[in-house]
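Worksheet: the structure to be examined is printed underneath.
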Amino acid sequence: QVQLVESGGGSVQTTGSLRLSCAASGYTDSSYCMGWFRQSPGKEREGVAVIAGAADINYAESVKGRFTISQDYDKKTMYLQMNSLKPEDTAMYYCATTNSYCSYVTRLRLNPRDFGYWGQGTQVTVSP
């Protein structure tokens, strides 16, 4: 069974940058989706970015042009480079995987319900 561990969260000021990492243990495959999600107090968990293989990537509109998702299969690690951070990016960030073949629809809709395996989360706080 796959286990996911996030790291790299912290506190930054507006326009700052952070790089999140998600280390996976257990079997992984390039056909599986891995993604970043976030949740603020009182809000539903929302999709940030999803990756399946090197080229199948999708971003939420709110982070396009600022965040970059990537994956190192040798290290079994996924990353989220976050630049030009805004206070509205403040949230607990989670990585997740489908741990099974991931369809085009799943990659497109960034729905947390499509992902069955989750990390414990890492907090990102952006101050004005």
Does the side chain of [Y] come within less than 4.5 Å of [X]'s, by heavy atoms?
{"X": "M82", "Y": "V48", "result": "no"}
{"X": "Q39", "Y": "Y94", "result": "yes"}
{"X": "L20", "Y": "V124", "result": "yes"}
{"X": "K75", "Y": "S21", "result": "no"}
{"X": "K86", "Y": "V126", "result": "no"}

Neighbour count above 12 (heavy atom, 6.0 Å) for [X] [atom1]:
{"X": "E44", "atom1": "CD", "result": "no"}
{"X": "Q81", "atom1": "CD", "result": "yes"}
{"X": "Q120", "atom1": "CD", "result": "yes"}

Rounded distance (nearest 0.5 Å) linking atom [atom1] of [X] with atom [atom2] of [Y]:
{"X": "Q13", "Y": "T125", "atom1": "CD", "atom2": "OG1", "result": "12.5 Å"}
{"X": "N58", "Y": "I51", "atom1": "CG", "atom2": "CD1", "result": "11.5 Å"}
{"X": "C22", "Y": "L80", "atom1": "SG", "atom2": "CG", "result": "10.5 Å"}
{"X": "R38", "Y": "D89", "atom1": "CZ", "atom2": "CG", "result": "5.0 Å"}

Answer yes or no: is there a donor N or O on one side and an acceptor on the other, between the side chain of [X] and the main chain of [Y], under 3.5 Å?
{"X": "K76", "Y": "G26", "answer": "yes"}
{"X": "T122", "Y": "E6", "answer": "no"}
{"X": "R107", "Y": "C102", "answer": "yes"}
{"X": "S25", "Y": "V2", "answer": "no"}
{"X": "S40", "Y": "T90", "answer": "yes"}
{"X": "Y73", "Y": "G53", "answer": "yes"}

Would you kindly confirm whether [X] and [Y] end up in one hydrophobic cluster when ILVMFWY residues are joined by side chain heavy atoms under 4.5 Å apart?
{"X": "Y93", "Y": "Y117", "value": "yes"}
{"X": "M34", "Y": "I69", "value": "yes"}
{"X": "F67", "Y": "L110", "value": "no"}

Legend entry - For L85, the option from L18, V63, T15, T14 that meets side chain to side chain contact (heavy atoms under 4.5 Å, CB included):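 Answer to the side chain to side chain contact (heavy atoms under 4.5 Å, CB included) test with L85 among L18, V63, T15, T14: L18.
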Legend entry - Heavy-atom pair of closest approach, residues C33 and A52: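 Nearest pair, atom of C33 first, then A52: SG-CB, 4.0 Å.
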Legend entry - Pairs touching residues 23-63 that satisfy ring-ring contact (aromatic ring centres under 6.0 Å, His included), sequence neighbours left out: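 Residue pairs with at least one partner in residues 23-63: F37-F115, F37-W118.
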Inset, instruction - Indicate whether the side chain of T97 and that of N99 have a donor and an acceptor atom separated by less than 3.5 Å. - result: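 No.
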